[in-house]
2 protein chains.
Amino acid sequence: MTLTLDDLASMSGVSRATISRVLNGGSVAPRTRARVEAVLAETGYSPNRAARSLASGRSGVVGVVMHLEPSLLFVDPYFSGLLQGMSDVLAERATGMMLWLGNRSKQETLTDIQRMGLVDGLIVTAHWLDDPLVDGLLASPIPTVLIGHRREDHTASYVDVDNVEAARSVVQHLVDTGRTRIAHISGIPGSVAGEDRLVGYRVGMADAGLPTEGLVVTGDFNAPSGADAVPRLLERGVDAIFCANDATASGALEALQAAGVTVPDDVALVGFDDLDFASRLDPPLTTIRQQVPTQGAEAARALLNLLDTPDGGPRRVLLPTELVIRQSTIGASDR
Amino acid sequence: MTLTLDDLASMSGVSRATISRVLNGGSVAPRTRARVEAVLAETGYSPNRAARSLASGRSGVVGVVMHLEPSLLFVDPYFSGLLQGMSDVLAERATGMMLWLGNRSKQETLTDIQRMGLVDGLIVTAHWLDDPLVDGLLASPIPTVLIGHRREDHTASYVDVDNVEAARSVVQHLVDTGRTRIAHISGIPGSVAGEDRLVGYRVGMADAGLPTEGLVVTGDFNAPSGADAVPRLLERGVDAIFCANDATASGALEALQAAGVTVPDDVALVGFDDLDFASRLDPPLTTIRQQVPTQGAEAARALLNLLDTPDGGPRRVLLPTELVIRQSTIGASDR
DNA sequence: TTGTATGCGTTATCAA
DNA sequence: TTGATAACGCATACAA
């Protein structure tokens, strides 16, 4: 039952090459094409991937490298959102997707992918500014699109959200609602998101002519680091805290309330990510919403693009975000 | 720099065929093998996958199909646990893994996989007793291992946890601690886990000579369905509630406490899954722990096994579970 | 527009 | 134990 081009050729009275042209969109006379397509439909033929790869040098499969704790893959909606977006786009082009998770050493992952030799290109999550795995992948000849970016690298293709602009818009919102002592509990130093959001914060503060001395505390994207930072910030006198993500904000919120501070009356609070729980906090959290599936989709598109026209130079996409204003910054009384 | 067997052949002074034998474990004279392996190591040669697939008919890649509700994708550590277990085992055999998620129609997924034609076998999550996608996959010639099982099918290979025995052991624990009016808030009818756990409940009750009339309420694996069931069960007089999963139990717990019922003094409560939050409820929840990564690993092993010896008949693995006893059934006073 | 012929890099079947 | 050599199924340059 496994048909070959030769079978189809004899069935439709044309040569093998013509069938191939019909399949790959070559130029074929309309009548001939119709006849061949009829046979194609009738037989339900589907080409042998291996033979096609061998002859063409392309596999029709792209790799996705997510070097993270596998336990986070489905727990953190971020990664499943990315996968969702990617697979939608790739499916349109009948392109397969292979997934590498980060449960092995980086070097192993790298050689694995190269030895495997069955991907035409890669999409790689790059959440750390400095990551040997990513450096290795970029150095290899495999066309690669990053999700996140490399600060110093202007040759790599990437898709990222505009963390800087998002953070700046948070600060502006706080300034617009009358806050002046605006603190930032940062993400992990060395992480793309952490550093960019910090930069955006500084830009926003500078734009407003506000000081930042003593108002930045280093966090780690987790709730406890948010809670820890609160006492120090209260000592210094703040009327707003912008946290590097929602988890940090939830920890900060708990600590603020434990200290008898009212949000937002005494201190406004902002997160980043708009995870599910953000709207269910009390008060609901003002935060930044990212279109995560869109990020995955754009990365897939960028890669397909790169594969189609290898000489076109790097693709760089910076996606906008959305400020979601809730009661943690404006309260009921401001309305 | 892309080496072929011919290159290696001339470099090591043997024929192409001999190199291939060295690579694939054929019989080669020790001295010859040593010489070839030296060249292999020196050059860092790695075979062309497409050519290998074409000649051998095998791809060295297995597919993983997780056709689940997108909403579950975001909350359930179950799937990442499975992936983790699988990828560990597959990595040992240098076998690649392709992932299909459930964001497209079942029929599309099915034809996709077949047309793609580059997997040697499949691992498929089968959480519904009746699922056209799974039926289609089983009907196809691709060797397939299910996670979960088909009630009527005795030819399919599968890995599942022993839900029936687990549920029976829950009932026995409740009976052993003096409960007699034991209710069950079930999972979704038609789901493998829901139905098997219900069967185990009935078996346990029958073993203990206890009646079940009016004590089973249909739930849907979510917290609200647990909360909804509680008033009805309290009316009928119960001293224990076994919920089909932890989420249902958390809903039930809230409703019980809202009704002024003390857990476990008045009513004992049991869940299933031992998710993170189960131990953090008040009181901590007695539940069933599954070794999810083990399930994934066993599924991968079963599939590799099936690929190695296709005539060996179906592989069936039923994994044991562990009853985790906490204060929601024994309380502090029972100690 | 179509057909012919060759090559892609392995594996596997024969002989030697 | 080893070496020729024929598949494997398709894409593609070239010729017609």
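Within every chain, numbering begins at 1; the chains are lettered A, B, ... in the order of the sequence lines, protein sequences first and strands thereafter. Here the structure is a predicted model, which means the values were calculated and not measured.
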Q. What nucleotide, of D:dG3, C:dA12, D:dC10, holds the atom closest to the side chain of B:T18?
A. D:dG3
Q: Would you mind reading off the distance between B:R58 atom CZ and C:dT10 atom P, rounded to a whole angstrom?
A: 15 Å
Q: Round to a whole Å and report the spacing from CG of B:N48 to C1' of C:dG9.
A: 6 Å
Q.
Once you measure the plane-to-plane angle for A:H127 and A:Y78, does it fall in the parallel (<30°), tilted (30-60°) or perpendicular (>60°) bin?
A. perpendicular
Q. Touch check for B:T4, heavy atoms < 4.0 angstrom, all strands: base, sugar-phosphate only, or nothing?
A. sugar-phosphate
(Q) A:R150 and salt bridge (Lys or Arg N to Asp or Glu O under 4.0 Å): which single residue from A:D131, A:D160, A:D135 fits? (A) A:D135
**Q.** Among C:dG3, C:dG7, C:dG9, the nucleotide that comes nearest once only the side chain of A:V14 is considered
**A.** C:dG3
Q.
Between A:T4 and A:D6, does the side-chain hydrogen bond (donor to acceptor under 3.5 Å, both in side chains) criterion hold? Intermediate values first, please.
A. CA-CA 5 Å; A:T4 73; A:D6 279 323; 4.6 Å; no
**Q.** Side chain A:R35 and base C:dT1 donor-acceptor under 3.5 Å
**A.** no
Q. Rounded to whole angstrom units, what separation is found between the CZ atom of B:R16 and the P atom of D:dT1?
A. 22 Å
**Q.** Touch class at under 4.0 angstrom, heavy-atom based, for B:D6 against every strand present
**A.** nothing
Q) What nucleic acid atoms does B:R31 come within less than 4.0 Å of, heavy atoms only: base, sugar-phosphate, or nothing? A) nothing
Q: Output yes when at least one side-chain N/O atom of B:S15 is less than 4.0 Å from OP1 or OP2 of D:dG3, else no.
A: yes
(Q) Is it the case that the side chains of A:T309 and A:R315 hold a donor-acceptor pair, with the cut-off being a distance below 3.5 Å and no angle test? (A) yes
Q: Looking at every strand, decide which applies to B:T32 at a 4.0 Å heavy-atom threshold: base, sugar-phosphate, or nothing.
A: sugar-phosphate
**Q.** Result of checking A:D120, A:V145, A:T95 against A:L307 for side chain to side chain contact (heavy atoms under 4.5 Å, CB included)
**A.** A:D120
Q) From C:dG3, D:dA11, C:dT1, pick the nucleotide closest to the side chain of A:S27? A) C:dT1
Q.
Side chain of A:A29 only, heavy atoms from C-beta on: which candidate in C:dT2, D:dC10, D:dT2 is closest?
A. C:dT2
Q.
Is it the case that the base of C:dG9 and the side chain of B:R49 share a donor-acceptor contact (distance under 3.5 Å, atom types as modelled)?
A. no
Q: Could you state the atom-to-atom distance from CG of A:L8 to C1' of D:dC10 in whole Å?
A: 12 Å
Q | Side-chain N or O of B:Y45 closer than 4.0 Å to phosphate OP1/OP2 of C:dT10 | A | yes
Q) Whole Å only: how far is the CG atom of B:L5 from the P atom of C:dT11? A) 6 Å
Q. What is the nucleic acid contact for B:R33, judged by heavy atoms within less than 4.0 Å: base, sugar-phosphate only, or nothing?
A. nothing
**Q.** Length of the line joining A:R52:CZ and C:dT10:P, which is rounded to integer Å
**A.** 21 Å
Q. Roughly how many Å is it from CZ in B:R21 to P in C:dA12, rounded to a whole number?
A. 11 Å
